[in-house]
Structures are given as C-alpha cells and as structure tokens.
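Down below is the structure, laid out as structure tokens.
Starting from 1, each residue takes its place in the sequence as its number. Scope of the values below: all heavy atoms of this structure, side chains included, with no hydrogens, waters or symmetry mates.
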Amino acid sequence: MVGVGRALASVGSLLVLWLLLLGAAPLAAETPFLTVASTTSTEDSGLLADLLPRFRAVSGIEVRVVAVGTGQALRVARAGDADLLLVHDRPSEEAFVAEGYGIERVSVMANDFVVVGPTTDPAGIRGMGDVAQAFARIAEHEAIFVSRGDDSGTHKAELRQWRHAGIDPTPASGTWYRELGRGMGGTLNTAAAMQAYSLADRGTWLAFLNRAGLDLLVEGDPRLQNPYSAIVVDPERHPHVKAALAQRLVDWLVSEPGQAAIGAFQVGGERLFVPRAELAPGP
C-alpha cells in the first residue's frame, strides 16, 4: 500500500506540474506585439536591430518587421497587414493619409541619398554638386547604372533625379540601365560586382561592407534629402489593427530617449540618421 501511495503521490505531483505548465503557456503567448512595414534601408543599416530591443525593454511590446520597399510597405498597410508604416517617400505618405489609410504622418528622422560608383568613375561625376547633372553625364556616357527597380522610396527618389535631368532611362533598360527589383543591400552588391553607378541611402552605404571598387561620388545636393516618417494605420479603415500599440512605438521614437538612440546609432564611427529634432520644420 505504501508503494501505491507513493505512486499516486508521484502522479499527483506530475499532474500539478502539468497544470502549472498549462497555466504558464498562455502567459508567454500573451506578449503584445505589433507589425511594422518598413523600408529595407532601416533593416539593412542595422538601425531597427538597435532601436527595437530598446523599445521592448521599456514597453514590453514585441515589434515584428516586414522589411520591403516603400511602395510594397504601403501596399501591405493598405491591405491591413501592418499596424504601422516606417517609410521615406513623402508624396506617397501624404496620399496614404489623404486616402484614409493612415491617421497621421509623423516625422521621425532623416538621412540623405548619395550617388556611388566605380573608383575609376568613367562618367566623370566625382565631386559634382548637382545630382541632375551627374545623372545626365552618366546617361551621356552610357555608363552602367543599377536601379533598385522595386518601387521603394529610394527607387522613387532615383526616378525623380532622372526627371530633374530631363531623361527617361527606361528605353535603355537592359543595356546601360539595369533594373534589379532588389533591396538596397542587394543593389549595392550588384553595383560592386558590375562596377556600376547607383543611388543609395547614406545609412545603408555606410553599413555596406562590400565596397570593393566603389566610392561615394556625389553628395550634398538638397534634392538628395531623405526624411523618414511613421504612420499608424487607421483602425477606422481596418478595425483589427493594433493602433494603440503602434502609437506607443511612434511616441517612443519621437521621445527624448528614442531620438537620442537614433542620433547615437553609428556604423564605423559615423552617424547614419539625423533625429527629427535637428531637421528643418516640415520635412
């Protein structure tokens, strides 16, 4: 009988342990999370990997990132498959809000675009201060230019530079103008392999390690400014979105600790993003 009693006690203990584990499982599953549709530049540069653990530490909220081009990020949010946008194409952002998909466009930070290309610089654009003139010279020399070609914020910015130069490069697609349909990191890898010119955001360029044969050639033109915005998806359009959690991330990003973290983020001793507090009003 003693043995039976011990056996029943053991079974009872196991049952209690099992019930405790069952009770603990939902606690782990209840960790709040939100989904952010963001540009590849914030991912490729390493910025989000630095910021999001800081936010989780103070909020307890997990952030899941869908890193795609700005155009694709906007489509994801329009479909209600993200709670928050972090993107960098102001005309598209303003249209998103005007169409009733987003609550408000909030400026978060900025960096700028740069033109990179072969160290040999066959088009002779090194040091030029006018990006439109640099693009015109690349076209004139039919020097290889690789475009992201992915409807991202960087791709949209590149197309604006061609328009400023009065050039439509699409008829040259597949010859000197190569459209890749890839993110910024992949595009820079292709530029390095092909010894080609490209437009890149400064953050990803600074974080890019495979620079063999590539140099930063053109920078500083005001047309190359690159502001980033956060937009909470409007729950009136998609009632299931986690607008309250998304707003908490936006509030943290523009708070003093969030802005300090953005301003402190560096790669190789260089700051990649400028906090909004240092920007001119209305970027």
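For the residue pair His88 and Gly153, the shortest heavy atom distance occurs at NE2-CA, 3.7 Å. Taking all atoms of both residues into account, the shortest heavy-atom contact from Ala196 to Val146 is CB-CG1, 3.9 Å. The two residues Arg54 and Ala261 have their closest heavy-atom pair at CD-CB, 3.9 Å. The two residues Phe55 and Ser59 make their nearest non-hydrogen contact at O-OG, 2.7 Å. Contact between Ser229 and Arg105 at its shortest, heavy atoms only, is OG-NE, 3.2 Å. Between Ala165 and Ala132 the shortest heavy-atom distance is CB-O, 3.4 Å.
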Practice prompt. Given side-chain contact (heavy atoms from CB on, under 4.5 Å), test Leu180 with Asp150 step by step and report yes or no.
Written response: CA-CA 7 Å; Leu180 303 181; Asp150 63 349; over 6 Å; no

| Derivation of the ring pair (Phe, Tyr, Trp, His ring centres under 6.0 Å) call for Phe135 and Phe145 | CA-CA 9 Å; Phe135 271 44; Phe145 186 100; 5.3 Å; yes

Run Leu188 and Val116 through side-chain contact (heavy atoms from CB on, under 4.5 Å) and show every step you take. CA-CA 9 Å; Leu188 286 172; Val116 302; 3.9 Å; yes

Worked check of side-chain contact (heavy atoms from CB on, under 4.5 Å) between Leu51 and Ile262: CA-CA 7 Å; Leu51 294 182; Ile262 290 168; 3.8 Å; yes

message: Between Ile144 and Tyr197, does the side-chain contact (heavy atoms from CB on, under 4.5 Å) criterion hold? Intermediate values first, please.
response: CA-CA 6 Å; Ile144 297 176; Tyr197 293 95; over 6 Å; no

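For the pair Asp121 (side chain) and Gly124 (backbone), a donor-acceptor distance under 3.5 Å is present. In terms of modelled atom types and a separation under 3.5 Å, the side chain of Gln259 and the main chain of Val108 share a donor-acceptor contact. Panel note: side chain Thr40, backbone Ala67; no donor-acceptor pair is recorded below 3.5 Å. Side-chain atoms of Asp44 come within 3.5 Å of backbone N or O of Gly185 as a donor-acceptor pair. The backbone N or O of Gly80 lies less than 3.5 Å from a partner atom in the side chain of His240, making a donor-acceptor pair.
Using a 4.0 Å cut-off between charged nitrogen and carboxylate oxygen, Glu219 and Arg202 count as a salt-bridge pair. The existence of a salt bridge linking Glu99 and Arg78 is confirmed by a sub-4.0 Å separation between a basic side-chain nitrogen and an acidic carboxylate oxygen. Looking at Asp215 and Arg126, a side-chain N of the basic residue comes within less than 4.0 Å of a carboxylate O on the acidic one, giving a salt bridge. Arg160 has a carboxylate O that lies under 4.0 Å from a charged side-chain N of Asp89, or vice versa, which qualifies the two as a salt bridge. Using a cut-off of 4.0 Å between Lys/Arg side-chain N and Asp/Glu carboxylate O, Asp81 and Arg75 are scored as not salt-bridged.
No single ILVMFWY cluster, assembled from side-chain heavy atoms under 4.5 Å apart, contains both Val232 and Val97. Residues Leu48 and Val254 share a single hydrophobic cluster, defined by chaining ILVMFWY side chains whose heavy atoms lie under 4.5 Å apart. Cluster annotation: Val131 is not connected to Val114 through the hydrophobic network of ILVMFWY side chains, with a link wherever side-chain heavy atoms come within less than 4.5 Å. The hydrophobic clustering, which links ILVMFWY residues whose side-chain heavy atoms are closer than 4.5 Å, places Leu74 and Val106 apart. Under the 4.5 Å side-chain contact rule for hydrophobic residues, Leu217 and Ile138 share a cluster.
Atoms CG and OG1, from Leu85 and Thr35 in turn, are 11.5 Å apart once rounded to the nearest 0.5 Å. Atom CG in Leu206 sits 4.5 Å away from atom CG in Leu272 (nearest 0.5 Å). Rounding to the nearest 0.5 Å places CH2 of Trp205 at 14.5 Å from CG of Asn111. Rounded to the nearest 0.5 angstrom, Asp201 CG and Ser45 OG are separated by 7.0 Å. Atom CZ of residue Arg137 and atom CG of residue Asp130 lie 10.5 Å apart, to the nearest 0.5 angstrom. Rounded to the nearest 0.5 Å, atoms CG (Leu52) and CD1 (Ile61) are 11.5 Å apart.
Residue Glu236 qualifies as open at atom CD: its count of foreign heavy atoms under 6.0 Å is 12 or below.
In this structure, Phe273 has its ring center under 6.0 Å from that of Tyr228. Taking the six-membered ring where the residue is Trp, the centroids of Phe96 and Tyr101 are separated by under 6.0 Å.
Proximity of Ser92 to Lys156: side-chain heavy atoms (C-beta onward) are separated by under 4.5 Å at one or more points. Counting heavy atoms from C-beta on, the side chains of Ser198 and Met194 never come closer than 4.5 Å. Using a 4.5 Å cut-off on side-chain heavy atoms (C-beta onward), Glu93 and Ile231 make contact. In this structure, the side chains of Val233 and Asp83 stay at 4.5 Å or more apart for every pair of heavy atoms. Counting only heavy atoms from C-beta outward, the side chains of Tyr177 and Pro171 never approach each other to under 4.5 Å. Residues Pro235 and Ile103 are in side-chain contact: their nearest non-hydrogen atoms beyond the backbone lie under 4.5 Å apart. With contacts defined as side-chain heavy-atom distances shorter than 4.5 Å, the pair Met109/Leu47 qualifies.
With 3.5 Å as the limit, one finds no donor-acceptor pair spanning the side chains of Ser152 and Thr154. No side-chain donor-acceptor contact under 3.5 Å links Arg148 and Thr187. Using modelled atom types, one finds no donor on one side chain facing an acceptor on the other under 3.5 Å when comparing Arg178 with Thr190. In this structure, a donor-acceptor pair under 3.5 Å is absent between the side chains of Thr31 and Glu62. At a cut-off of 3.5 Å, with distance as the only test, a side-chain donor of Ser147 or Glu158 sits close to an acceptor on the other residue.
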